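The structure appears right after this line, and notes come after that.
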Amino acid sequence: MARVFKLTDTAPQTGDYQLDYEALLNKQQLEAVKTFSGPVLCIAGAGSGKTRTLIYRVARMIESGIAPESILLLTFTRKAARNMLNRVAALVGEEGRRVSGGTYHSFASITLRQYGHYLGLPANFSIIDESDCADIINLIRADLGLNKKETRFPQKKTLLDIFSKSVNREQTIEEIIESDYSHFSEHSKDIVVILERFRSYKKDNYLVDYDDLLVFLLRLLQESEEARARINQRFKYIMADEYQDTNGLQARITMLLGGNKKNIMVVGDDSQSIYSFRGARVRNIIEFPQQFDDCQIIKLERNYRSTSRILEAANSLMQHADEGFKKHLFTRREEGEKPAVVCCQDDQEQAMFVAARILELREQGVSLNDMAVLFRSSFHAYQLELELKRRNIPYVKWGGFKFLESGHLKDIIAHMRVVQNPYDQVSWLRILLLLEGIGTQTATEIFRKIKESDNPFELNEIKARPRAKEGLKRLSETLKNAAQLINEKPSRLLDLFAEYYFPILKKRFDDYPKRMKDIDALAMICQRFGDLSEFLSEIALEPPKDSSDNNMIVDSDDDEQLILSTIHSAKGLEWHSVFIIHALEGRFPSFNAFKSEEQLEEERRLMYVAMTRACENLAISYPGTMWDPVSGALLAKPSRFIDESGNDNLETWHISR
DNA sequence: CGAGGGGTTGTTTTT
DNA sequence: CAACCCCTCG
């Protein structure tokens, strides 16, 4: 009898672990945790303890003697990464902090600073965010005279969307225009010209945008064998979370990071893929195993989160979906209450219902922190926000609004950028336009002079109208002072500019006290950084957008707060009680999704994500009728997803006044 | 050329 | 409720 001897390079499993993995995990979770080598696909249904599994896997690796630095954990948000590293540290101690991790974008940023020279990219490149890109595109468009066309020409934001889709979906500009923006097809030549100018602008100014980060990282791994070898040397175990939301570039990056050993574990759930609008491909996770001959597939189907009533409704919804991996979530939790379906008269009544029900639950002892209201798009919550304010219910809103996108903070940051890079055109224009007596013409003219000058902060000689003199002088003085502080902590610079900016703020905005508080909050964040360029690139990469990042943007005297969130931002989280509002055809599913079957599928998965956030209580509500100003239609049909969740699984509630 | 008023527009979702 | 466009006045 021949014996097949299986070679593994897994550390000895002698059982001398500090943690009792067998007792702490279920069978499937344990299997995922114990398998270190080779490719592994872990299909983790909603609430199945995915994060727990990842954390214990890292813990066990470290306990087995694997160097924490050689483990790379790629997650979707930096918040998730930080959260995970904290939990690992709580399990195995400080060693856990040495695990490498972050988003694909932040990983790209760090790696490119180190190895970018292999591509001819200088280490001090600046990362620019979306609105920076939009500003640059605006400059180019004006320069080309394309802003004064008789026929409708796409807005800067739309142009940026087209460029970004083209990168992330790996299609040509023409293809994107044809499929998504066919009404602009007559302009496709001009759009391509703008893209070319945009690219060379970024190259000349050492600017890198979000999409470039991925493109350059992939190129680095593909083209420089030396860089790839060094990176593979460093990272021996790759784990990627939320793999269903990766795009083609990210998938190839993951494969290349795996090197020859292919110690790659990807975790995700094809039913929760909700980012195809920015190029995510469910295919990545579905076809993952086919790229290897020895891929292990582990499914986590036991749900620990929701009551069985909620789970039944969610399962029923997904029976209408075109699923990749068949799975059926089950729970051993109690039955619980049926999810409620609440038909309200209109938007206003819905807001009143949600607010009143929240207060009722609050009376019953549910903390506001354990409740959340979820919606498809952030503006769906406007009415509710008014109602909550009226009733003094404290809340925080996630998604939509971005802290750093507000004008006053961008102004401050523009000043800091100019100190870092005195030839940054977009920032110069921005700060010059703030001055009295200076408009676009003068500002452009001044910048031309600055570009040729050896002493860019010397503005006193510049010719401008008399009323602009005073402002220019003050700006010039401040910038010269700032230049002295360039190697100090960036918060000193920020303080300097905050003082300089205050009179401008006061004149420009009536609500300046509120905006001043934002600037203070930014100063708070800034204190964490020791170096100007570090601050500027971090802030571009992950705009801190809510108080949950311990950024203290919200007054901390309310320790109990209700969460309002877009479903996208609610990913991975859970609450005792969840409200889903505006479940109305045209809102959710959104009008924009009626165009194609795939987009409707994605809306359904979005509803699935929303429903599975709830542990005990779920209420789905909709206004009976509502006027939609965009389409000019009267929306009056409840969302198809309510029916699909199964009438037997739901309980209808009526409102009485 | 700049400032300020007024009207219009159109809003998915995020790194 | 923005951001944007267009207009008029100084």
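Only this structure's heavy atoms are used, side chains among them; waters, hydrogens and symmetry mates stay out. None of these values were measured; they are calculated from a predicted model. So that the names make sense, note that chain A is the first sequence line, chain B the second, and so on, each numbered from 1.
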### Query
Taking the side chain of A/Thr442 as its heavy atoms from C-beta onward, which of B/dT14, B/dT12, B/dG2 lies nearest to it?
B/dG2
### Query
What is the distance, rounded to the nearest whole Å, between atom CD of A/Glu436 and atom C1' of B/dA3?
9 Å
### Query
If you pin A/Lys165 and A/Ile438 to their nearest nucleotides in DNA chain B, which one's is more 5'?
A/Ile438
### Task
Report yes if at least one side-chain N or O of A/Ser106 is closer than 4.0 Å to OP1 or OP2 of B/dT15; otherwise report no.
no
### Main-chain N/O of A/Lys202 paired to A/Asn205 side chain as donor or acceptor, under 3.5 Å
no
### Task
For B/dT12, take OP1 and OP2 only and decide whether either is under 4.0 Å from a side-chain N or O of A/Thr566.
no
### Message
If you assign A/Ile274 and A/Thr440 each to the DNA chain B nucleotide with the nearest heavy atom, which residue ends up on the more 5' nucleotide?
### Response
A/Thr440
#### Entry: Minimum-distance nucleotide (side-chain atoms of A/Gln599 versus B/dT13, B/dT15, B/dT12)
B/dT12
### Query
Rounded to whole angstrom units, what separation is found between the CG atom of A/Asn138 and the C1' atom of C/dA3?
11 Å
### Distance, rounded to the nearest Å, where A/Leu429 contributes CG and B/dC1 contributes P
15 Å
### Message
Taking side-chain contact (heavy atoms from CB on, under 4.5 Å) as the criterion, tell me which of A/Ile191, A/Ile136, A/Asp190, A/Ile194 meets it with A/Arg141.
### Response
A/Ile194
### Message
Heavy atoms from C-beta onward define the side chain here; which of C/dC4, B/dT14, B/dT15 lies closest to that of A/Lys156?
### Response
C/dC4
### Query
Quick one: A/Glu385 CD to C/dA2 P, roughly how many Å, whole number?
12 Å
### Proximal nucleotide (of B/dT15, B/dT12, B/dT14) relative to the A/His105 side chain
B/dT15
### Message
What is the distance, to the nearest angstrom, from the CG atom on A/Leu434 to the C1' atom on B/dG2?
### Response
14 Å
### Query
Hey, does A/Tyr275 reach any base, or is it just sugar-phosphate, or nothing, if we go heavy atoms under 4.0 Å?
sugar-phosphate
### Task
Could you tell me how the ring of A/Tyr275 sits relative to the ring of A/Phe277: parallel (under 30°), tilted (30 to 60°) or perpendicular (over 60°)?
tilted
### Task
Select base, sugar-phosphate, or nothing to describe what A/Ser590 touches, counting heavy atoms under 4.0 Å on all strands.
nothing
### Message
Measuring centre to centre across the rings, with the benzene-like ring taken for any Trp, is A/His187 within less than 6.0 Å of A/Tyr181?
### Response
no
### Atom pair distance, as rounded to whole Å: CD in A/Gln383 and P in B/dT11
21 Å
### Task
Kindly state whether the pair A/Phe379 / B/dT11 counts as stacked, where counting means centroids closer than 5.5 Å and planes tilted less than 30° apart.
yes
### Query
What integer distance in Å separates A/Ile446:CD1 from B/dG2:P?
9 Å
### Query
Of the nucleotides B/dT15, B/dG2, B/dT13, which one has an atom closest to the side chain of A/Gln441?
B/dG2
### Task
Return the orientation label for the A/Phe535 and A/Phe529 ring planes: parallel under 30°, perpendicular over 60°, tilted otherwise.
perpendicular
### Base of B/dT13 and ring of A/Phe277 stacked, centres under 5.5 Å, planes under 30°
yes
### Task
Would you kindly give the NZ-to-P distance between A/Lys157 and B/dT13, to the nearest whole Å?
9 Å
### Query
Taking the six-membered ring for Trp, are A/Tyr501 and A/His408 ring centroids under 6.0 Å apart?
no
